Amino acid sequence: MDSSPGPYRSRTRGQPFHLQTSEGEYDTSSVNTTSTQSIDIPESSSHNVGSEVSTSGYGYQSSPNTPTKRLNESSPPPSKRSKVEESGPSSPNCSLSECPTPTEAPAPDSESERPSRVKVGGNKQFRSRSLPPPRRRRRAHPESIQQHIPPVTLNTLRELDLHEIYRNPKLRHDVVFDSQLHFRPNLDGNRGRRKKEMADMYWQIVLRECEVVLGSSRWRNAEMFSTTPRKLPILFETMRDILLTLVPKTDRSDVESILDPPLLMQQLKHNVLDFKGLSLWLATVLKAHCAPMRDQWVEQMVAKVAYGVDNGKVSALVEGIQMVFGILEAMKLDVANHQIRTLRPHLISTAISFEQSYFQERIDQGRLDMKEPRSWFANAAAGRKTNEALDHMAIFTGAVVDMLAPSGYAKYPATFVFDYERLEGLRDDIREATCLKMAILFFRQLTLTSKRDVDAATIDKLRTSIIAILGEEDGVHRWLRHSNAVALHVAQTAYEFNGSTGIVDAPTVKMAENWFAKHLQTNSPIYAHVEKEISKELTGMVLRIIKGWSSLSTFSIMQSADVTGSSMELASIAQRASHIVFMHWRIFGKMYLTS
């Protein structure tokens with residue numbers, strides 16, 4: 001599609017803009033989608049790995065069925081966990097070529113221009129009191145420079161670049177386990193809230209600056225115009241630089257000539273900048289290179305700018321400019337997410353060798369101490385019977401499953417640094433599976449005197465009803481919060497199964513409530529026994545799954561590794577744990593055995 005500026009070029013003088021302070025009437029909405037473009041794989045994708053595991057500007061989210069992080073009631077504070085990565089020095093947020101800096105006084109050219117000083121009693125010099133104080137150089141405060149930069153810049157979008165994706169070891173590891181992984185703006189927590197507040201503050205200041213530029217006669221003074229506007233030149237420059245990364249080379253000359261900050265500021269000075277024509281040209285370029293479902297957002301931007309110009313509302317005009325940056329950010333996210341999906345087979349095929357090189361480099365640099373992980377594996381091997389032949393994979397699998405036991409809450413070795421969240425999810429699922437099995441065990445105890453045998457259909461029905469009672473609430477705490485409701489339902493179901501009618505008696509309900517309140521705790525001996533049986537069963541299931549992969553290639557095994565979602569079914573837990581065990585052993589197996 002032709003990306004010519006259209007009406008913007010055909011008009012030499014823009015529509016005059018008259019200041020008015022009322023608000024606009026439009027809102028915006030964005031639709032997540034993808035963009036299609038070809039991807040060139042960097043030649044040295046396995047080298048020059050960055051030390052950062054994650055970045056603050058953008059996070060990546062797992063597939064929609066992945067639950068949010070859950071809290072285990074027995075979990076210690078996160079700070080107790082060992083970390084392998086050390087954050088490198090933070091890069092400056094200002095990536096523009098011309099950040100505003102304070103003006104400095106020029107150096108004097110002659111002795112006559114220098115302040116006169118009087119020598120008194122030797123070499124000491126005292127400045128004459130009749131002279132004005134000298135101008136001192138001031139250093140630009142980082143925040144004073146940062147406040148003039150838009151919330152979305154090339155620097156904030158840098159982590160979405162293809163080379164940065166290759167340099168992010170945590171991202172490459174997570175891609176293996178989640179086929180639906182995608183980038184999204186990181187607006188969670190206090191950092192995200194502060195990021196949003198700073199963005200709102202920036203656009204409020206831009207609004208005030210635009211009101212002064214477009215509505216005050218003092219801007220006809222060229223000298224004042226050259227020193228006062230601070231944000232608009234950087235805003236236009238940032239818009240141009242981001243757009244240049246999204247268009248092909250054939251369209252970059254038009255972008256550079258039209259989004260020329262000095263030219264646009266000069267047109268603003270003379271009140272001839274055609275905002276409507278500029279927005280229409282931007283819409284033509286954006287629609288030509290963005291996903292089709294972004295077109296509605298682009299049209300809303302054009303309507304917002306036109307409404308602001310036609311009605312003299314600066315607020316609507318600034319909202320339209322803000323939409324442009326939102327669209328540019330969404331386009332960069334679309335490109336990055338498309339690249340992740342397209343490159344996933346390549347990232348999977350190189351995952352083992354990449355992480356081996358990555359962690360070996362950390363070991364050589366002294367940033368990863370293998371003493372503790374090797375000691376953890378050696379202790380697991382020492383716990384096996386001496387008369388049995390050592391099966392290292394079986395030892396490692398048993399050690400991993402035992403490590404996931406919620407009652408012990410063992411510390412994860414540093415070699416599992418990229419799997420902490422997945423291991424936490426498995427640990428919570430084991431906790432819920434144990435609680436569910438204990439509820440069924442209690443039901444069997446209440447039906448021992450029944451003349452009927454408890455069949456699989458009865459157990460499945462009981463399991464479904466208990467899960468319904470727990471509701472959609474996330475986290476293992478729901479078992480403790482709803483323990484009385486579960487106890488009442490189990491007691492009533494057993495009462496009816498034994499052939500009785502009506503409502504179960506109060507003493508039985510009280511006994512059931514006390515039993516659940518006591519034995520759903522991780523320090524209960526009955527809970528520990530049931531959890532141990534589940535761990536033993538899980539270990540066998542994981543070993544059988546891995547043994548069944550013996551005829552498959554590593555790529556085929558890892559390509560099917562979709563360790564997302566949550567389920568207290570042991571088959572699901574075993575399947576997810578198998579992929580973690582398999583990949584981890586392929587990466588660190590030889591390192592464990594060197595001990």
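Throughout, residue positions are numbered sequentially from 1 according to the sequence presented. This is a predicted model, so every value here is computed, not measured.
- Listed for the Asp369 side chain is a donor-acceptor partner under 3.5 Å among the backbone atoms of Lys371.
- Using modelled atom types and a 3.5 Å distance limit, the side chains of Glu531 and Thr434 yield no donor-acceptor pair.
- Using a 3.5 Å distance cut-off with no hydrogens or angles, the side chains of Tyr592 and Thr415 do pair a donor with an acceptor.
- Between Phe418 and Phe359, the ring centre distance stays below 6.0 Å.
- When the shell of 6.0 Å around CD1 of Ile503 is examined, it contains 12 or fewer heavy atoms from other residues, nucleotides or ligands.
- With contacts defined as side-chain heavy-atom distances shorter than 4.5 Å, the pair Asn514/Lys518 does not qualify.
- Judged purely by atom type and a 3.5 angstrom limit, Thr350 uses its side chain to pair as donor or acceptor with the backbone of His346.
- Salt bridge status for Lys287 with Glu299: present, with a side-chain N to carboxylate O gap under 4.0 Å.
- For Glu424 and Arg427, the salt-bridge test passes: some basic side-chain N is under 4.0 Å from an acidic carboxylate O.
- Relative orientation of the Phe354 and Tyr358 rings is parallel, given thresholds of 30° and 60° on the angle between their planes.
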What verdict does the salt bridge (charged side-chain N to carboxylate O under 4.0 Å, His left out) test give for Glu533 and Lys536, after you've listed the backbone C-alpha separation in whole Å, the side-chain angles of each residue and the deciding distance to 0.1 Å? CA-CA 5 Å; Glu533 292 297 320; Lys536 183 177 180 181; 5.6 Å; no
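- The two residues Val504 and Ala491 come nearest to each other via the heavy atoms CG2-O, 4.2 Å.
- Here CD1 of Ile459 is found 9.5 Å from CG of Leu436. Values are rounded to the nearest 0.5 Å.
- Atom-to-atom distance recorded for Ile363:CD1 and Leu368:CG is 5.0 Å, nearest 0.5 angstrom.
- In this structure a side-chain-to-backbone donor-acceptor pair under 3.5 Å is present from Ser465 to Lys461.
- Rounding to the nearest 0.5 Å gives a distance of 8.5 Å between NE2 of His477 and CG of Asp428.
- The environment of CG in Asp364 is crowded: more than 12 heavy-atom neighbours from other residues, nucleotides or ligands sit within 6.0 Å.
- In this structure, the side chain of Asp455 engages the main chain of Thr458 through a donor-acceptor pair within 3.5 Å.
- In plain terms, the two heavy atoms of Asp188 and Arg184 that are nearest each other are OD2-NH2, 2.6 Å.
- Here the side chains of Tyr409 and Thr522 are not in contact, with every heavy-atom distance at 4.5 Å or above.
- For the pair Asn379 (side chain) and Ser375 (backbone), a donor-acceptor distance under 3.5 Å is present.
- Here Ile352 contributes atom CD1 and Gln356 contributes atom CD; the two are 6.5 Å apart, rounded to the nearest 0.5 Å.
- The closest donor-acceptor contact from the side chain of His182 to the backbone of Gln180 lies under 3.5 Å.
- Here the side chain of Arg374 pairs a donor or acceptor atom with the backbone of Met591 at under 3.5 angstrom.
- If you check the side chains of Gln492 and Glu496, you find a donor sitting under 3.5 Å from an acceptor.
- Atoms OG and CE, from Ser535 and Met403 in turn, are 11.5 Å apart once rounded to the nearest 0.5 Å.
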Going through the checks in order, is the side chain to side chain contact (heavy atoms under 4.5 Å, CB included) test met by Met583 and Thr554? CA-CA 9 Å; Met583 184 172 181; Thr554 302; over 6 Å; no
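- The minimum heavy-atom distance between Pro185 and Leu333, with the atom names listed, is CD-CD1, 3.7 Å.
- Relative orientation of the Phe396 and Trp585 rings is tilted, given thresholds of 30° and 60° on the angle between their planes.
- Contact of the Leu520 side chain with the Leu480 side chain is registered, since non-hydrogen atoms from C-beta on lie closer than 4.5 Å.
- There is a side-chain donor-acceptor pair under 3.5 Å between Ser556 and Ser553.
- Residues Arg294 and Asp334 form a side-chain contact, since some pair of their non-hydrogen atoms from C-beta on lies under 4.5 Å apart.
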Report the C-alpha separation of Phe183 and Lys332 in whole Å, then their side-chain angles, then the decisive distance to 0.1 Å, and conclude whether the side chain to side chain contact (heavy atoms under 4.5 Å, CB included) test is met. CA-CA 10 Å; Phe183 280 106; Lys332 292 289 288 186; over 6 Å; no
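- Looking at Ile430 and Ile573, their side chains come closer than 4.5 Å, going by heavy atoms from C-beta outward.
- Between Arg431 and Ser407, the side chains place no donor N or O within less than 3.5 Å of an acceptor N or O (distance only, hydrogens not considered).
- Counting only N and O atoms by type, the side chains of Arg344 and Ser179 include no donor and acceptor under 3.5 Å apart.
- For Glu537, there are no side-chain hydrogen bond (donor to acceptor under 3.5 Å, both in side chains) partners two or more places apart in sequence or in a different chain.
- Taking the six-membered ring for Trp and the full ring otherwise, the centers of Phe177 and His579 sit at least 6.0 Å from each other.
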Got a list of side-chain donor-acceptor pairs under 3.5 Å for residues 439-450, not counting sequence neighbours?
from: Thr447; atom 1: OG1; to: Phe443; atom 2: O; distance (Å): 3.1
from: Thr447; atom 1: OG1; to: Arg444; atom 2: O; distance (Å): 3.2
from: Ser450; atom 1: OG; to: Arg452; atom 2: N; distance (Å): 3.2

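- Ionic pairing of Arg463 and Asp460 is present here: one or more N-O contacts between side-chain nitrogen and carboxylate oxygen are shorter than 4.0 angstrom.
- If you take NZ on Lys170 and CD on Glu355, they are separated by 10.5 Å, rounding to the nearest 0.5 Å.
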Begin from the C-alpha positions of Glu361 and Gln365 and carry the test side chain to side chain donor-acceptor pair (under 3.5 Å) through to its verdict. CA-CA 6 Å; Glu361 181 181 355; Gln365 294 175 351; 3.2 Å; yes
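- For the pair Arg422/Arg576, no side-chain contact is recorded, criterion being any heavy-atom separation below 4.5 Å from C-beta on.
- Using a 4.5 Å cut-off on side-chain heavy atoms (C-beta onward), Pro406 and Tyr527 make contact.
- Taking both residues in full, the closest heavy atoms of Ala487 and Phe516 are given as CB-CD1, 3.5 Å, listed atom of the first, atom of the second, then distance.
- Contact of the Leu171 side chain with the Glu164 side chain is not registered, since no non-hydrogen atoms from C-beta on lie closer than 4.5 Å.
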Can you check side chain to side chain contact (heavy atoms under 4.5 Å, CB included) on Phe497 and Val454, steps first, answer last? CA-CA 9 Å; Phe497 186 84; Val454 179; 3.9 Å; yes
Run the numbers on Leu328 and Leu246 for side chain to side chain contact (heavy atoms under 4.5 Å, CB included), then give the verdict. CA-CA 8 Å; Leu328 293 175; Leu246 293 168; 3.9 Å; yes
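- Of all heavy-atom pairs spanning Pro413 and Trp376, the tightest one is CG-CD2, 3.7 Å.
- Applying the 6.0 Å contact sphere to CD of Glu472 captures no more than 12 heavy atoms from other residues, nucleotides or ligands.
- The minimum heavy-atom distance between Lys195 and Asn186, with the atom names listed, is CD-O, 4.1 Å.
- No donor-acceptor pair closer than 3.5 Å links the side chain of Ser524 to the backbone N or O of Gln521.
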Do any side-chain atoms of residues 543-552 form donor-acceptor pairs under 3.5 angstrom with protein atoms, and if so which ones, sequence neighbours left out?
from: Ser550; atom 1: OG; to: Lys547; atom 2: O; distance (Å): 3.0

